[in-house]
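Structure first, then comments.
First listed ligand is number 1; within each ligand, the first listed atom is number 1.
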Amino acid sequence: MAKPKVATDGLAGCAGCEMSLLDMDEKLVELLQKIELTSCPITDLKHPPEEGVDVGVLTGTVNNTTNRAVARMMRKRCKYLVAMGNCAVFGGVNTMRNFFDMDEALKRAYVETESTVNGRIPGSAELGKPIKARSLDQVVKVDISIPGCPPSADTIYFVLNELAEGRVPVLEGDNLQYD
Ligand code: SF4
């Protein structure tokens, strides 16, 4: 039987969740006997393959139009969508800027910070346009949420292993942490 395919992708975050995934260390090797990782920090492929995957994992907040397109693409291309980390599950620290005018927030972050010299607000087609920061489930349907900032490597292993074994993971006890 073919191994279930798993793809990861990142929205607006700090990459701490990806580091936690890599922190599985030798358990990652064990997991790779059961799953095929298509796009992830190890393969350095950014997006899920067009033919789709069994499990899609997204980290980070939906923070701009590019993030939103990436979230929609992953939703379309996977059977189970996992929101990994507080940014994806709740919106995280990025949502703090929703309390401020967008232009003011961008100016404060990129131009006015005390340590900035000749700052400028970044803009490119790749970044897209900033939008109100949202958790993943405010944009697409999420099947499994793993809170934590970041979630522990053991919890990420538990979730991926359960899915690899054909079970829908239920997070409880030590696997359900919010810090
Ligand atoms: Fe970084 Fe925490 Fe957000 Fe993960 S949940 S991307 S570790 S800030």
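Listed by number with element, the atoms of ligand 1 under 4.0 Å from a non-hydrogen atom of G148 are 5 (S). Residue P150 approaches ligand 1 through these ligand atoms, each under 4.0 Å from one of its heavy atoms: 7 (S). Near G13, with a cut-off below 4.0 Å to any heavy atom, the atoms of ligand 1 are 6 (S).
Under the 4.0 angstrom criterion for non-hydrogen atoms, S20 is not in contact with ligand 1.
Open room surrounds NZ on K107; 12 or fewer heavy atoms of other groups in view lie less than 6.0 Å from it. More than 12 heavy atoms of other shown residues, nucleotides or ligands fall within 6.0 angstrom of atom CD in E165.
Within the coordination shell of atom 2 (Fe) of ligand 1, defined by N, O or S atoms under 2.8 Å, C149 is present. Taking backbone and side chain together, C17 holds an N, O or S atom under 2.8 Å from atom 4 (Fe) of ligand 1.
Regarding atom 5 (S) of ligand 1, its nearest protein heavy-atom neighbour is N86 N, 3.3 Å. Ranking protein heavy atoms by distance to atom 3 (Fe) of ligand 1, first place goes to C87 SG, 2.4 Å. Scanning all protein heavy atoms for the shortest distance to atom 6 (S) of ligand 1 gives C14 N, 3.4 Å.
Here the options are V6, N161, I156, the test is side-chain contact (heavy atoms from CB on, under 4.5 Å), and the partner is L31; only N161 passes.
Looking at N64, its side chain does come within 3.5 Å of a backbone N or O of L127 through a donor-acceptor pair. E30 contributes no side-chain N or O that, together with a main-chain N or O of E26, makes up a donor-acceptor pair within less than 3.5 Å.
The residues E114 and R108 are annotated as salt-bridged, a charged nitrogen and a carboxylate oxygen being separated by less than 4.0 angstrom. Ion pairing between K79 and D143 fails under the 4.0 Å rule for side-chain N and carboxylate O.
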